[in-house]
Amino acid sequence: MKTRTLLLFAALALCVSMRAQTFTLGADISWETEMLAKGYTFANAKGESRECAALMRELGLNAIRLRVWVNPSDGYCNKDDVLAKAAKAAAQGMDIMIDFHYSDSWADPGKQNIPAAWKSYSYAEMLEAVKTHTKDVLNHLKENGIPVRWVQVGNETSNGLLWDVGKASANPAQYAGIIDAGYEAVKSVVPEAIVVVHLDNGFDNGLYKWNLGVLKNNGARFDMVGMSLYPYSAVEWHNIQNTETAVQQCIDNVNWVWETYGVPSMIVETGMKVAKADEGKQLLTLLLNSAYTKTNGHCQGVMYWEPEAPSGYNGGYDMGAFSASAQKQCTPTAIMDAFTEFAAETGVKIPETSHAAQSEACYDLLGRYVQNSEKAHFSSIVITADGKKLHTSR
């Protein structure tokens with residue numbers, strides 16, 4: 001009996017250890033290159049300068065999420081800009097999630113605008129455009145040696161995408177067809193990638209029952225469900241009793257998704273009020289612990305949305321997790337301590353930097369990735385293992 005008990009404890013410890021190593025602690029830092037161009041810099045709590053992805057790794061994170069737009073007017077979040085940021089994350093040994101909006105700008109539950117170049121397309125032509133765009137971006141990353149672990153086909157597609165062609169309430173079969181076209185395109189380039197369907201309001205089980213039902217009933221394939229959970233917004237906009245209730249309902253929803261469809265989930269977006277940093281740390285800690293201990297491994301991680309942004313950035317975003325000095329140096333608030341402490345307590349694996357990636361990753365003075373660097377002449381920044389910038393010229 002004693003031997004059997006010891007074996008049981010050993011197996012349990014191994015299970016917990018394996019789960020810790022695969023649990024994702026991530027951040028969407030898609031604003032990073034834009035912020036650098038505007039004069040912002042990043043530093044740790046000691047004031048030591050850091051490249052943004054390197055700082056996220058230092059804080060305990062092991063993954064980076066990046067959005068991609070089709071033809072953005074300012075160039076940010078196009079495939080080259082995504083490559084620039086992905087190369088920095090890869091240099092830190094971090095896993096990468098690519099978030100296709102299938103729009104020229106923001107796509108979310110309130111707007112899913114068709115890219116200007118696709119406006120006149122029929123449904124059949126839209127399917128081909130989705131496939132072509134998806135393959136183009138993923139091949140661009142692949143050809144530059146950037147591994148991709150997850151791919152979102154659409155961003156918060158709670159009522160579909162590419163309106164009105166793929167609006168779920170009006171054209172459910174076409175919504176499912178577009179998602180499946182994205183799935184097919186992803187697998188054709190990166191067969192091992194996990195394809196994610198992403199909805200907002202992770203606390204709203206009714207939304208997930210309806211939307212995922214539409215997809216499954218119309219033959220769409222997906223490997224994971226991504227959820228957005230903004231606890232303060234749930235209270236302010238959706239009459240949820242309190243922020244803790246929003247977290248608990250989201251965890252219940254994760255378990256429902258697994259029980260119903262047999263696929264895992266991930267909280268791919270969350271954010272706390274940066275003005276209430278201590279309270280935000282407690283709430284993020286609750287979310288991390290609940291996702292880790294109350295879902296039997298079926299919630300595979302938590303990603304913070306644009307933590308590097310200071311309060312008020314981009315016209316008023318107030319759920320970042322950094323503060324900015326008068327000199328525009330951005331440093332983490334107490335909110336980010338939740339990640340650091342959780343990683344230390346659970347043993348979640350923090351990646352080693354990839355020396356091969358470092359040797360190949362070169363950037364111009366705005367932090368933009370430079371391709372074919374061995375043939376070019378430029379001033380560059382190479383990201384070293386400790387996250388410091390080494391200026392060189394060629």
Side-chain angles (χ1 to χ4, degrees), residues 11-12 14-26 63 65 95-100 134 148-161 166 168 172-173 175-229 246-270 287-303 348:
L12 191 59
L14 178 61
C15 178
V16 171
S17 174
M18 290 178 64
R19 180 163 22 125
Q21 290 192 14
T22 58
F23 195 78
T24 295
L25 302 178
R65 176 179 183 256
D95 289 328
I96 296 168
M97 176 181 288
I98 298 299
D99 171 17
F100 283 94
T134 304
V148 174
R149 184 172 178 188
W150 310 271
V151 180
Q152 270 188 224
V153 287
N155 187 75
E156 294 187 330
T157 60
S158 301
N159 192 17
L161 71 172
Y175 165 48
I178 292 169
I179 293 295
D180 201 65
Y183 181 97
E184 179 183 321
V186 172
K187 297 294 186 178
S188 72
V189 179
V190 193
E192 69 276 16
I194 297 166
V195 179
V196 182
V197 169
H198 175 209
L199 311 180
D200 74 330
N201 293 348
F203 57 84
D204 185 355
N205 179 246
L207 167 65
Y208 286 71
K209 284 182 177 178
W210 173 73
N211 189 291
L212 299 181
V214 167
L215 292 177
K216 281 297 184 181
N217 291 338
N218 288 281
R221 293 167 288 177
F222 53 90
D223 304 320
M224 177 182 280
V225 173
M227 300 182 180
S228 292
L229 179 67
V247 170
Q248 183 57 56
Q249 289 185 193
C250 185
I251 298 304
D252 291 343
N253 201 22
V254 167
N255 290 326
W256 177 86
V257 167
W258 175 261
E259 291 164 4
T260 306
Y261 294 112
V263 297
S265 298
M266 186 183 293
I267 312 303
V268 297
E269 288 188 23
T270 194
L287 176 58
L288 290 167
N289 287 334
S290 298
Y292 188 66
T293 64
K294 295 183 178 181
T295 67
N296 199 27
H298 303 315
C299 184
Q300 296 193 349
V302 175
M303 292 191 172
V348 168

Backbone N/O of [Y] and side chain of [X]: donor-acceptor pair under 3.5 Å:
{"X": "Tyr292", "Y": "Gly297", "answer": "no"}
{"X": "Asn253", "Y": "Gly202", "answer": "yes"}
{"X": "Ser290", "Y": "Leu287", "answer": "no"}
{"X": "Lys187", "Y": "Ala193", "answer": "yes"}
{"X": "Tyr175", "Y": "Thr157", "answer": "yes"}
{"X": "Gln249", "Y": "Phe203", "answer": "yes"}
{"X": "Asp95", "Y": "Ala63", "answer": "no"}

So, taking the atom named [atom1] in [X] and the one named [atom2] in [Y], what distance separates them when rounded to the nearest 0.5 Å?
{"X": "Thr260", "Y": "Leu212", "atom1": "OG1", "atom2": "CG", "answer": "9.0 Å"}
{"X": "Ile194", "Y": "Met224", "atom1": "CD1", "atom2": "CE", "answer": "5.0 Å"}
{"X": "Thr24", "Y": "Trp150", "atom1": "OG1", "atom2": "CH2", "answer": "3.5 Å"}
{"X": "Glu259", "Y": "Asn296", "atom1": "CD", "atom2": "CG", "answer": "10.0 Å"}
{"X": "Lys216", "Y": "Arg221", "atom1": "NZ", "atom2": "CZ", "answer": "10.0 Å"}

Within the structure provided, determine whether [X] and [Y] are in side-chain contact (heavy-atom separation under 4.5 Å).
{"X": "Tyr261", "Y": "Tyr208", "value": "no"}
{"X": "Met266", "Y": "Met303", "value": "yes"}
{"X": "Val225", "Y": "Val196", "value": "no"}
{"X": "Met97", "Y": "Gln152", "value": "yes"}
{"X": "Val197", "Y": "Val263", "value": "no"}
{"X": "Pro264", "Y": "Trp258", "value": "yes"}

Item to complete: Determine, using ring centers only, whether Tyr183 and Phe222 are less than 6.0 Å apart.
Response: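 They do not qualify: ring centres at least 6.0 Å apart.
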Item to complete: List the steps, then state whether side chain to side chain contact (heavy atoms under 4.5 Å, CB included) holds for Asp99 with Val268.
Response: CA-CA 10 Å; Asp99 171 17; Val268 297; over 6 Å; no
Measure across [X] and [Y] and return the closest heavy-atom pair with its distance rounded to 0.1 Å.
{"X": "Glu156", "Y": "Ser228", "value": "OE2-OG, 2.7 Å"}
{"X": "Ile267", "Y": "Cys250", "value": "CD1-SG, 3.5 Å"}
{"X": "Val302", "Y": "Ala291", "value": "CG2-CB, 4.0 Å"}
{"X": "Asn211", "Y": "Asn159", "value": "ND2-N, 4.3 Å"}
{"X": "Leu229", "Y": "Ala246", "value": "CD1-O, 3.9 Å"}
{"X": "Ala176", "Y": "Val214", "value": "CB-O, 4.3 Å"}

Worksheet item: Is Asp204 salt-bridged to Lys209, going by a charged N under 4.0 Å from an acidic O?
Response: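 Result for this pair is no, no salt bridge flagged.
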Fill in: Met227 and its side chain to side chain contact (heavy atoms under 4.5 Å, CB included) partner, picked from Thr270, Asp200, Asn201, Val257
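Result: among Thr270, Asp200, Asn201, Val257, Val257 is the only option passing the side chain to side chain contact (heavy atoms under 4.5 Å, CB included) with Met227.
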Worksheet entry | Any residue meeting side chain to side chain donor-acceptor pair (under 3.5 Å) with Asn155, in chain and number order, not counting sequence neighbours |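 With sequence neighbours excluded, Asn155 shows a side chain to side chain donor-acceptor pair (under 3.5 Å) to Arg65, His198, given in chain and number order.
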Item to complete: I would like to know whether Asn218 and Leu215 meet side chain to side chain contact (heavy atoms under 4.5 Å, CB included); could you show each step before the answer?
Response: CA-CA 5 Å; Asn218 288 281; Leu215 292 177; over 6 Å; no
